[in-house]
Participant: 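Here you go, one structure.
From a predicted model like this one, the values you see are computed outputs, not experimental measurements.
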Amino acid sequence: MKLTAEKYHGLGNDYLVYDPNKNKLELNPRRVQLLCNRNFGVGADGILEGPLLSGEGISMTVWNPDGSRTERSGNGVRIFAKYLKDAGYVQKKDFVIDCQGEQVSVHYLNEEGTRLKASMGKASFWSDEVPVTGPRREIINETMVFGRIPYPVTCVTVGNPHCVILLDEISKDLVCRIGKYSECARQFPEKINTQIIKVLDRTHIQTEVYERGAGYTLASGSGCCAAAAAAFRLGLTDPKVIVQMPGGTLEVEIGEDGVLRMTGDVGYVGSVHLGSSFSEQLRALE
């Protein structure tokens, strides 16, 4: 059984695109875990399974490296759109991807499809929509304790849940320390992505990300949107900001209609052709 995948990255956040139209083996949590393993598998921050074709519609499934599924990935959307162009599924400049029932509009900004704008929907801070336990309320600058340390937390969903913490100084070590506790904290019944952010000025912020089901990553598209939405809601930034991450920068704009629009680059790494022995290992995993 021959298996192939394509590897891309969005600002260092790398994904495998697994096309079910070109592979016979179905993905499951254990197979995803092995494929994403950087020592025993191919290595990735996740897998984009698709395109799943239904009529004229195009959808995808986003897998985390721990084998769980997530509702949405901002970098994943751009990567998947680049793959659709490379593989000849899409010729138009504008089209829509279905992500777990949510419609994401994508626009190619160059002929190569390496720079794209994606509409990520509206942000919500309501606790029952994120979700966060307790009475229904907007979670804005609310004190929460992670690892016995209190933090000012703003929670937001942009199709997936985020915990945004505004700090004077941020680092990889700090977000990993916080994320170790916040990801599975009792307040978050569906777990949560964690961003610590530093506001540089009205149009620039920095963020470090600890993703639900993945851990520390160099960049997160949905995380940038959540960070931008939180900073704007707190009155600290303009509706259009540059979000700086260790892997690079994304532009996020909050329109007058409240819709978040993300602009950024995608890089192609190469094709992955899995050897017969490794393919058999995958096949044996139920």
Side-chain angles (χ1 to χ4, degrees), residues 5-19 44-53 56-63 70-100 102-123 158-160 193 203 205 207 209 211 217-229 239-255 257-271:
E6 303 295 326
K7 191 167 186 178
Y8 294 81
H9 75 90
L11 309 176
N13 188 203
D14 60 338
Y15 280 87
L16 296 171
V17 179
Y18 186 85
D19 191 333
D45 286 328
I47 295 179
L48 309 173
E49 183 181 9
L52 309 172
L53 304 172
E56 294 185 1
I58 298 176
S59 63
M60 70 169 177
T61 297
V62 184
W63 295 86
T70 186
E71 305 89 346
R72 184 176 296 187
S73 164
N75 285 328
V77 164
R78 299 197 324 282
I79 286 171
F80 188 62
K82 167 63 172 162
Y83 171 74
L84 292 176
K85 188 175 185 67
D86 290 347
Y89 286 106
V90 171
Q91 284 79 41
K92 300 177 181 178
K93 282 191 174 182
D94 297 273
F95 66 101
V96 174
I97 298 173
D98 186 295
C99 299
Q100 302 293 309
E102 297 288 336
Q103 302 297 304
V104 177
S105 299
V106 178
H107 173 72
Y108 296 113
L109 293 171
N110 59 16
E111 289 299 320
E112 298 78 17
T114 56
R115 187 163 181 81
L116 308 97
K117 176 180 283 189
S119 174
M120 297 293 286
K122 297 181 180 181
V158 291
N160 57 354
N193 301 292
T203 58
I205 62 176
T207 183
V209 182
E211 293 194 291
T217 57
L218 293 176
S220 169
S222 63
C224 279
C225 291
K240 185 174 182 179
V241 295
I242 303 295
V243 184
Q244 300 175 3
M245 301 164 291
T249 62
L250 278 177
E251 298 175 13
V252 179
E253 183 173 6
I254 304 168
D257 56 0
V259 174
L260 291 151
R261 294 175 176 86
M262 166 192 63
T263 301
D265 298 330
V266 170
Y268 177 60
V269 178
S271 296

Participant: Would you call Val104 and Phe80 a side-chain contact if the rule is heavy atoms closer than 4.5 Å?
Facilitator: no
Participant: Closest heavy-atom contact between His107 and Leu109?
Facilitator: CD2-CD2, 3.3 Å
Participant: Decide yes or no on side-chain contact (heavy atoms from CB on, under 4.5 Å) for Glu211 and Ser220, but give the supporting numbers first.
Facilitator: CA-CA 8 Å; Glu211 293 194 291; Ser220 169; 3.3 Å; yes
Participant: Does the ring of Tyr8 carry Lys82 above it, NZ/CZ under 6.0 angstrom from centre and within 45° of its axis?
Facilitator: no
Participant: Got a second to check how far Ile254's CD1 is from Lys240's NZ, nearest 0.5 Å?
Facilitator: 12.5 Å
Participant: Is a donor on one side and an acceptor on the other found under 3.5 Å between the side chain of Asp14 and the backbone of Asp45?
Facilitator: yes
Participant: For Val17 and Tyr15: C-alpha separation, side-chain torsions, deciding distance, then whether side-chain contact (heavy atoms from CB on, under 4.5 Å) applies.
Facilitator: CA-CA 6 Å; Val17 179; Tyr15 280 87; 5.6 Å; no
Participant: When rounded to the nearest 0.5 angstrom, what distance separates CD in Glu251 from OG1 in Thr203?
Facilitator: 11.0 Å
Participant: Do His9 and Asn75 have side chains that get closer than 4.5 Å, going by heavy atoms?
Facilitator: no
Participant: When Val106 is tested against each of Ile58, Val96, Val77 for side-chain contact (heavy atoms from CB on, under 4.5 Å), which residue passes?
Facilitator: Val77
Participant: Are Asp265 and Thr114 packed together at the side-chain level, in the sense that at least one heavy-atom pair is separated by less than 4.5 angstrom?
Facilitator: no
Participant: Check whether the side chains of Ser222 and Asn160 place a donor and an acceptor atom closer than 3.5 Å, and report yes or no.
Facilitator: yes
Participant: Quick one, Val62 with Arg72, criterion side-chain contact (heavy atoms from CB on, under 4.5 Å). Give me CA distance, side-chain angles, the key distance, then yes/no.
Facilitator: CA-CA 7 Å; Val62 184; Arg72 184 176 296 187; over 6 Å; no
Participant: Do Glu71 and Cys99 make a side-chain contact, defined as non-hydrogen atoms from C-beta onward lying under 4.5 Å apart?
Facilitator: no
Participant: Taking Ala118's backbone N and O only, do any of them form a donor-acceptor pair with Arg78's side chain (distance below 3.5 Å, no angle check)?
Facilitator: no
Participant: Counting only heavy atoms from other residues, nucleotides and ligands, does the tally under 6.0 Å from NZ of Lys117 exceed 12?
Facilitator: no
Participant: Starting at CG of Leu48, measure out to CE of Met60 and round the result to the nearest 0.5 Å.
Facilitator: 5.5 Å
Participant: So, Ser59 side chain and Leu52 main chain: donor-acceptor pair closer than 3.5 Å or not?
Facilitator: yes
Participant: Between Tyr108 (side chain) and Ala81 (backbone), is there a donor-acceptor pair under 3.5 Å?
Facilitator: yes
Participant: Are Lys85 and Lys93 packed together at the side-chain level, in the sense that at least one heavy-atom pair is separated by less than 4.5 angstrom?
Facilitator: no
Participant: I'd like to check Gln103 versus Asp98 (side-chain heavy atoms, cut-off strictly below 4.5 Å). Are they in contact?
Facilitator: yes
Participant: So Leu11 and Leu218, do their side chains get closer than 4.5 Å, heavy atoms only?
Facilitator: no
Participant: Start with the C-alpha distance between Val209 and Asn193, add both sets of side-chain angles, then the distance that settles side-chain contact (heavy atoms from CB on, under 4.5 Å), and finish with yes or no.
Facilitator: CA-CA 8 Å; Val209 182; Asn193 301 292; 5.7 Å; no
Participant: Could you pull out the closest heavy-atom pair between Gly10 and Ala219, with the gap in Å?
Facilitator: O-CB, 3.9 Å
Participant: If you compare all heavy atoms of Tyr268 against all heavy atoms of Lys7, which two are closest, and at what distance to 0.1 Å?
Facilitator: CD1-O, 3.6 Å
Participant: If I take atom OG from residue Ser119 and atom CE from residue Met262, how far apart are they, to the nearest 0.5 angstrom?
Facilitator: 9.0 Å
Participant: Could you tell me the separation between the OG1 atom of Thr217 and the CG atom of Asn13, rounded to the nearest 0.5 Å?
Facilitator: 5.0 Å
Participant: What distance do Cys224 atom SG and Leu250 atom CG have between them, rounded to the nearest 0.5 Å?
Facilitator: 4.5 Å
Participant: Taking the side chain as every heavy atom from C-beta outward, state whether Val158 and Met120 have any atom pair closer than 4.5 Å.
Facilitator: no
